[in-house]
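Keep in mind the model is a prediction, meaning the values are calculated, not measured. This chain uses plain numbering: 1 for the first residue, then up along the sequence.
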Amino acid sequence: MTDTTTRGLIPLPLAAARALLLAGGIATAASAFLAWTWTSEFPGDLTISGYPGGLQWLTFIAGILTTVFALSSYGIRGLGGLIPARNNAPLVLTALGAFGVTWYTIVSIAAELGGLANLEPGGWVAAIASLLPVIGAFALPEPRTASAKENLKAYLAKPDGIPPAQPLSPWLERAIITIATIVGLAVFTYGIDTEYGELFVGFLIVVVFGVWALHTAGLNDRFSRIVARNRSFTLAMGFAAAIAFPFTQSNDHYANIGVNILIFGTVALGLNIVVGLAGLLDLGYVAFLGVGAYTAALVSGSEFSRFSGVHFPFWAAAITGAAASLVFGVLIGAPTLRLRGDYLAIVTLGFGEIFRISVNNMDGQSGPDLTNGPNGIPAIPDLNLLGFNLGQAHDVAGFTLGRFANYYLLMVLIMAIVVLVYTRAADSRIGRSWIAIREDETAATAMGINGFRVKLVAFALGATLAGLAGTVSAHVTYSVVPTPYQFAGSTPPNSAFLLAAVVLGGMGTVAGPILGAALLYLLPEKLVFLQDKSLLAFGIALILLMRFRPEGIIANRRNQLEFHETGQLDIPEQTTLSGEPAAVTKAGA
């Protein structure tokens with residue numbers, strides 16, 4: 001047995017550590033009301049005293065979070081329940097979040113304006129104030145061992161055995177879900193509306209440390225249990241928040257970001273059927289999005305289409321695009337799905353390249369005249385649904401919805417259909433067969449599952465959902481060209497982007513691929529310097545994910561149990577006749 005003692009990493013009395021944590025949180029929030037620099041050349045105008053601007057708002061929010069969690073450590077009535085785990089990790093993480101966003105701002109000011117001389121006294125006050133809660137948090141007592149790794153883990157990890165919450169009334173649980181939905185919508189809207197890269201980086205710092213703190217406090221686990229008891233209501237609130245998003249925007253450009261996130265999230269959700277549920281590595285999946293987009297472009301009345309006299313209504317074009325992708329999915333899957341693992345991945349990668357090269361050559365010279373080759377099919381007309389032209393602005397309840405907001409609402413409807421199809425399929429008999437194939441195809445086949453048929457259904461269904469999203473994508477972008485439909489590139493969509501979204505967000509979940517698509521689309525959009533290094537950024541993100549959270553940001557419960565030691569596989573301790581413990585106490589020992 002390892003000897004442990006209880007003390008902090010920084011030797012301070014408990015009362016002093018708590019006081020430093022609380023005073024530092026208050027001082028950090030208050031420092032946001034001081035001027036941090038003398039010139040407005042730094043974005044956000046941090047020259048005004050008495051009113052925060054730009055990144056100062058994030059420091060203020062982080063300081064308030066630190067203060068609230070610090071108060072909860074005193075056991076104040078009404079705040080004690082903020083840390084069900086009864087640990088110090090939330091206090092440390094909120095303090096680190098406030099410190100991170102404040103010092104990031106200070107360093108950015110010095111780097112962009114040419115030195116620390118550009119800081120006003122308020123900037124120095126903020127830097128010192130944000131350091132105080134970090135010192136106080138690491139001075140709080142935690143069990144200490146001889147292992148530095150275990151000591152640090154105690155301050156940053158969630159402990160096991162969090163006591164269960166008291167049962168709540170159904171209306172109170174729904175009120176909690178409603179409040180969480182409103183906060184989530186506000187956070188998402190703020191992230192999309194950030195006007196410059198520095199503000200977006202600061203936003204990420206606060207959100208990452210804030211969510212991490214909620215996780216280690218045990219609040220995420222308790223909220224997940226509430227959601228599990230109110231799945232239908234939670235889903236309804238999620239779509240209500242999605243519908244409300246365009247009404248919060250005054251700039252149609254941000255609605256354009258939203259509609260593209262939904263398009264790529266829908267495609268990633270279709271890929272999640274193939275990769276996350278059935279366990280089939282598809283590296284050419286973006287081709288099915290291209291099939292749907294090109295099909296819709298050919299039959300939607302573009303004057304540059306080979307069939308310019310054909311103009312299907314949207315519902316017919318959507319069905320045609322989805323059906324074309326379904327056919328291609330079956331044609332590609334039938335001869336290739338007898339392969340496994342890396343061999344299947346190589347074949348699907350080849351299919352993606354064959355599609356891109358084929359549409360690039362169908363220009364009437366290198367091949368048949370069908371897709372206009374590299375020029376693609378431009379001038380795709382806007383959709384007209386129920387008398388509404390989605391290309392025109394419309395006034396709804398005093399709000400003006402522009403072109404991209406209209407298409408965003410259309411994609412919300414399509415996303416609802418896709419989520420319904422995904423959840424029903426995943427919970428069905430065929431969905432359980434997909435999971436069995438993913439876990440062990442040989443064992444599943446021995447139990448009577450037709451592995452080839454089951455995989456072909458997954459391949460075809462995933463292709464159909466991608467084709468459906470492609471029909472909307474063609475109208476949103478006005479044109480379809482072969483360039484985006486490749487394995488990897490600096491801008492989405494591409495197969496590497498979609499696969500990274502599924503793995504990053506969480507395989508086998510509904511919200512995971514959507515969150516992954518949102519993050520991977522927003523990062524290059526907001527951080528211009530990453531646009532030419534997107535593959536490098538994706539690679540680093542996936543390496544860190546594999547090391548620290550291999551099940552993804554939003555974990556599938558089954559994957560979480562597989563990737564982490566939970567003690568569920570432990571064999572009860574055996575004793576000999578003399579009462580001594582037996583040698584074997586672990587499975588596989």
Side-chain angles (χ1 to χ4, degrees), residues 54 57-58 61 174-196 199-200 203-204 206-207 210-211 227 230 232-269 314-315 318 382-420 468-469 471-473 475-478 510-511 513-519 521-523 525-526:
W57 277 112
L58 297 174
I61 294 172
R174 295 189 175 188
I176 292 174
I177 293 173
T178 302
I179 294 173
T181 303
I182 294 173
V183 172
L185 176 62
V187 171
F188 179 75
T189 301
Y190 185 90
I192 282 189
D193 290 353
T194 50
E195 299 177 350
Y196 45 93
L199 185 61
F200 185 72
F203 165 77
L204 288 181
V206 174
V207 169
V211 173
V227 168
N230 300 270
S232 299
F233 182 77
T234 303
L235 192 61
M237 289 302 301
F239 279 106
I243 293 172
F245 169 74
F247 294 95
T248 66
Q249 302 302 306
S250 58
N251 188 339
D252 208 33
H253 170 69
Y254 298 131
N256 180 27
I257 296 176
V259 70
N260 279 288
I261 288 175
L262 286 185
I263 289 173
F264 302 136
T266 302
V267 181
L269 200 57
F314 173 68
W315 64 268
D382 282 307
L383 296 175
N384 195 303
L385 295 177
L386 303 176
F388 288 93
N389 187 336
L390 298 189
Q392 298 177 356
H394 299 280
D395 291 329
V396 178
F399 295 91
T400 300
L401 299 180
R403 177 179 183 271
F404 293 116
N406 296 331
Y407 280 105
Y408 173 89
L409 293 175
L410 174 63
M411 272 308 304
V412 169
L413 175 61
I414 293 177
M415 174 68 78
I417 297 173
V418 171
V419 169
L420 178 63
L468 181 61
T471 60
V472 180
S473 175
H475 291 88
V476 171
T477 58
Y478 280 127
V510 175
I514 300 173
L515 175 62
L519 287 175
Y521 187 86
L522 278 177
L523 287 175
E525 175 73 21
K526 296 296 184 177

Quick check: do [X] and [Y] have side-chain heavy atoms less than 4.5 Å from each other?
X	Y	result
Thr266	Leu468	no
Asn406	Leu383	no
Leu390	His475	no
Phe188	Thr248	no
Leu199	Phe203	no
Phe404	Ile257	no

Hey, what's the ring geometry for Phe245 with Tyr408, parallel, tilted or perpendicular (30° and 60° as the breaks)?
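Phe245 and Tyr408: tilted rings.
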Okay, side chain of Ser473, backbone of Ala469: is any donor-acceptor separation there less than 3.5 Å?
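Checking the backbone N and O of Ala469 against the side chain of Ser473, no donor-acceptor pair under 3.5 Å is found.
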Which value, rounded to the nearest 0.5 Å, describes the distance between [X] atom [atom1] and [Y] atom [atom2]?
X	Y	atom1	atom2	answer
Asp193	His253	CG	NE2	10.0 Å
Ile263	Thr477	CD1	OG1	7.5 Å
Ile414	Leu409	CD1	CG	11.5 Å
Leu235	Met237	CG	CE	11.5 Å

If a pair satisfies salt bridge (Lys or Arg N to Asp or Glu O under 4.0 Å) and one of its residues is in residues 401-419, list it, with sequence neighbours excluded.
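For residues 401-419, and leaving out neighbouring residues, the salt bridge (Lys or Arg N to Asp or Glu O under 4.0 Å) pairs sorted by first residue read Asp382-Arg403.
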Can you list every salt bridge (Lys or Arg N to Asp or Glu O under 4.0 Å) pair that touches residues 235-248, not counting sequence neighbours?
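Those involving residues 235-248 do not exist here.
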Mind checking ring-ring contact (aromatic ring centres under 6.0 Å, His included) for [X] and listing every partner two or more places apart, or none if nothing turns up?
X	answer
Phe233	none
Tyr254	none
Tyr478	none

Which atom of [X] lies closest to which atom of [Y], heavy atoms considered:
X	Y	answer
Ala405	Pro246	CB-CB, 3.9 Å
Leu185	Ala244	CD2-CB, 4.0 Å
Met411	Leu262	CE-O, 3.7 Å

For Trp57 and Val206, what are the C-alpha separation, side-chain angles and deciding distance, and is it a side chain to side chain contact (heavy atoms under 4.5 Å, CB included)?
CA-CA 11 Å; Trp57 277 112; Val206 174; over 6 Å; no
Non-neighbouring partners of Leu204 that pass side chain to side chain contact (heavy atoms under 4.5 Å, CB included), sequence neighbours left out:
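In terms of side chain to side chain contact (heavy atoms under 4.5 Å, CB included), with neighbours along the sequence ignored, Leu204 is linked to Phe200, Leu523.
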